[in-house]
2 protein chains.
Amino acid sequence: MENKVLRKLFLGFIHIHILHHAKEHPIYGVWMVDELKEHGYTISSGTLYPILHSMESDGLLKKKERNVEGKIRKYYTTTDKGNEMLKEARKKAYELFKEIK
Amino acid sequence: MENKVLRKLFLGFIHIHILHHAKEHPIYGVWMVDELKEHGYTISSGTLYPILHSMESDGLLKKKERNVEGKIRKYYTTTDKGNEMLKEARKKAYELFKEIK
DNA sequence: TTTTAAATATCGAATCCCGATATCAATATC
DNA sequence: GATATTGATATCGGGATTCGATATTTAAAA
């Protein structure tokens with residue numbers, strides 16, 4: 001494992017990153033993995049998919065299956081509740097950041 | 001439990017909060033719990049102490065026992081490595097925050 | 001010596017994280 | 001139509017985290 005402290009910090013942001021992107025446009029698992037990788041973060045599918053599932057069952061995301069070039073993809077977008085959570089989480093993230101600045 | 005997303009975000013910051021305070025002055029477990037509580041965050045001792053131990057054994061904190069009013073307290077301060085980590089983690093926290101702003 | 005009290009340490013159950021592996025579903029190939 | 005292919009999602013088993021509850025430590029007080 002790279003660095004315990006930074007890794008945990010990143011994972012603390014993962015739900016927010018998901019909400020952030022899923023608000024802008026529908027996202028699917030592999031896209032999210034690649035997007036994070038481009039920014040230097042790796043996340044295992046064994047971590048990501050259960051998070052997507054739990055966020056859906058918590059009512060933060062809603063799923064829509066789409067057939068893309070003959071393959072099924074599960075696209076997620078934020079619900080109203082998810083948008084509300086995103087707003088709250090951004091605020092909290094700023095608070096937490098300020099306190100250690 | 002209160003809120004899964006916000007809770008995880010907070011826990012993502014916990015090492016950084018510890019480093020932040022331990023850099024300013026020596027801290028001990030109960031003080032850290034109380035300090036966080038004042039800012040609206042609760043952390044279990046069953047969570048905090050193992051983190052302090054692991055940060056010590058990772059060389060981020062160093063411990064000094066002090067007798068305070070007839071009781072032993074274990075005060076932690078940052079090491080050079082801890083200060084370096086704090087610097088890095090603050091930078092990373094800002095990056096992560098920017099990306100979801 | 002016992003009791004007290006502040007603080008630290010540990011326990012067991014539930015949950016999370018991970019890489020590896022398995023499964024799914026729609027098309028292409030036979 | 002049966003089978004193989006392929007992009008993507010899903011799950012597994014282990015090890016680590018998180019939690020509240022409980023136990024232990026320590027030095028002074030009784």
Side-chain angles (χ1 to χ4, degrees), chain A residues 1-18 21-22 25-37 40-58 60-77, chain B residues 1-18 21-22 25-37 40-58 60-77:
Chain A
M1 196 221 309
E2 39 153 347
N3 179 316
K4 211 186 289 187
V5 174
L6 301 185
R7 182 69 192 168
K8 203 175 159 196
L9 180 64
F10 162 64
L11 286 173
F13 271 91
I14 190 63
H15 290 80
I16 310 183
H17 272 121
I18 291 169
H21 288 296
H25 54 79
I27 64 166
Y28 64 100
V30 168
W31 181 88
M32 193 72 224
V33 169
D34 291 346
E35 161 71 16
L36 290 170
K37 187 157 290 158
Y41 305 103
T42 57
I43 189 164
S44 160
S45 66
T47 301
L48 181 61
Y49 286 109
I51 288 174
L52 290 175
H53 300 164
S54 82
M55 290 177 75
E56 188 194 3
S57 76
D58 289 347
L60 301 176
L61 296 176
K62 54 175 177 289
K63 177 172 58 184
K64 196 169 204 173
E65 309 205 348
R66 258 203 250 164
N67 182 323
V68 178
E69 294 174 13
K71 293 288 175 304
I72 290 287
R73 279 189 200 161
K74 301 189 177 170
Y75 279 91
Y76 293 92
T77 51
Chain B
M1 196 222 310
E2 39 155 346
N3 178 318
K4 209 185 293 186
V5 174
L6 301 185
R7 181 70 192 165
K8 203 175 159 198
L9 181 62
F10 162 64
L11 286 174
F13 272 90
I14 191 62
H15 290 78
I16 310 184
H17 272 119
I18 291 170
H21 289 295
H25 55 77
I27 64 166
Y28 63 101
V30 169
W31 181 88
M32 192 72 223
V33 169
D34 291 347
E35 160 73 15
L36 290 169
K37 187 159 290 157
Y41 305 103
T42 58
I43 188 162
S44 161
S45 67
T47 302
L48 181 62
Y49 286 109
I51 288 175
L52 290 175
H53 300 164
S54 84
M55 290 177 75
E56 189 194 2
S57 76
D58 288 349
L60 301 175
L61 296 177
K62 54 175 177 289
K63 176 171 60 183
K64 196 170 203 173
E65 310 206 347
R66 256 202 252 165
N67 182 323
V68 178
E69 295 172 12
K71 292 289 175 305
I72 290 285
R73 277 189 200 159
K74 301 186 178 174
Y75 279 92
Y76 293 92
T77 51

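Computed from heavy atoms alone, side chains included, the values below leave out hydrogens, waters and symmetry copies. Throughout, a chain's letter reflects where its sequence line sits, starting with A, and its residues are numbered from 1.
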Roughly how many Å is it from CD in E65(A) to P in dA25(C), rounded to a whole number? 8 Å
Can you identify which nucleotide, out of dC16(C), dC18(C), dA27(D), has its nearest atom closest to the N67(B) side chain? dA27(D)
Evaluate the side-chain proximity of T42(B) to R7(B): yes if any heavy-atom separation is below 4.5 Å, no if none is. yes
Interatomic distance where CD1 belongs to I18(A) and C1' belongs to dT9(D) [whole Å]: 14 Å
At under 4.0 Å between heavy atoms, what does L52(B) touch on the DNA or RNA strands: base, sugar-phosphate, or nothing? nothing
Where the side chain of H53(B) is defined as all heavy atoms beyond and including C-beta, which of dT17(D), dA9(C), dA26(C) is the nearest nucleotide? dA9(C)
Of all the nucleotides listed (dT27(C), dC19(D), dT10(C)), which has the minimum atom distance to the side chain of S45(B)? dT10(C)
If I take atom CZ in residue R66(A) and atom C1' in nucleotide dA26(C), what distance separates them, rounded to the nearest angstrom? 17 Å
In whole angstrom, give the distance that lies between atom CH2 of W31(A) and atom P of dG7(D). 20 Å
Rounded to the nearest 0.5 Å, what's the gap from CD1 on I14(B) to NZ on K8(A)? Could you check? 7.0 Å
Atom CD of E65(B): over 12 foreign heavy atoms under 6.0 Å: yes
Selected nucleotide, minimal atom distance to I51(A) side chain, candidates dC17(C), dT27(C), dT18(D): dC17(C)
Above 12 or not: heavy atoms from other molecules or residues under 6.0 Å from NZ of K63(A)? yes
Can you tell me the distance, in whole Å, between the CD1 atom of I72(B) and the P atom of dA7(C)? 12 Å
Just the rounded figure in Å: distance from P of dT8(C) to CG of L48(B). 9 Å
By nearest atom, which of the nucleotides dC18(C), dT9(D), dC19(D) is closest to the K74(A) side chain? dT9(D)
Has Y49(B) got a side-chain N or O lying under 4.0 Å from the OP1 or OP2 atom of dT8(C)? yes
Rounded to whole Å, please give me the gap between CG in L11(A) and P in dT15(C). 19 Å
Classify the ring geometry of H25(B) against W31(B): parallel below 30°, tilted from 30° to 60°, perpendicular beyond 60°. perpendicular
Of all residues at least two apart in sequence or in a different chain, which pass the side-chain hydrogen bond (donor to acceptor under 3.5 Å, both in side chains) check with Y41(B)? none
Looking at dT17(D), dT6(D), dC19(D), which one has an atom nearest to any side-chain atom of K71(A)? dT6(D)
If the cut-off is 4.0 Å, is S44(A) near the phosphate of dC17(C), judged by side-chain N/O to OP1 or OP2? no
If you look at every strand shown and take non-hydrogen atoms under 4.0 Å, does G46(A) touch a base, only sugar-phosphate, or nothing? base
Could you work out which one of dC18(C), dT11(D), dA7(C) sits closest to the side chain of Y28(B)? dA7(C)
Short side-chain to backbone donor-acceptor contact, K74(A) and G29(A), under 3.5 Å: no
Under 4.0 Å between any heavy atoms, over every strand shown, what does K8(A) touch: base, sugar-phosphate, or nothing? Just pick one. sugar-phosphate
Can you say whether the rings of H17(B) and H21(B) are parallel (under 30°), tilted (30 to 60°) or perpendicular (over 60°)? parallel
What does the inter-axis angle of the helix from dT1(C)-dA30(D) to dC30(C)-dG1(D) come out as, five pairs per end, nearest 10 degrees? 30°
Would one find a side-chain N or O of R73(A) under 4.0 angstrom from OP1 or OP2 of dA26(C)? no
dA9(C) C1' sits how many Å from I43(B) CD1, rounded? 15 Å
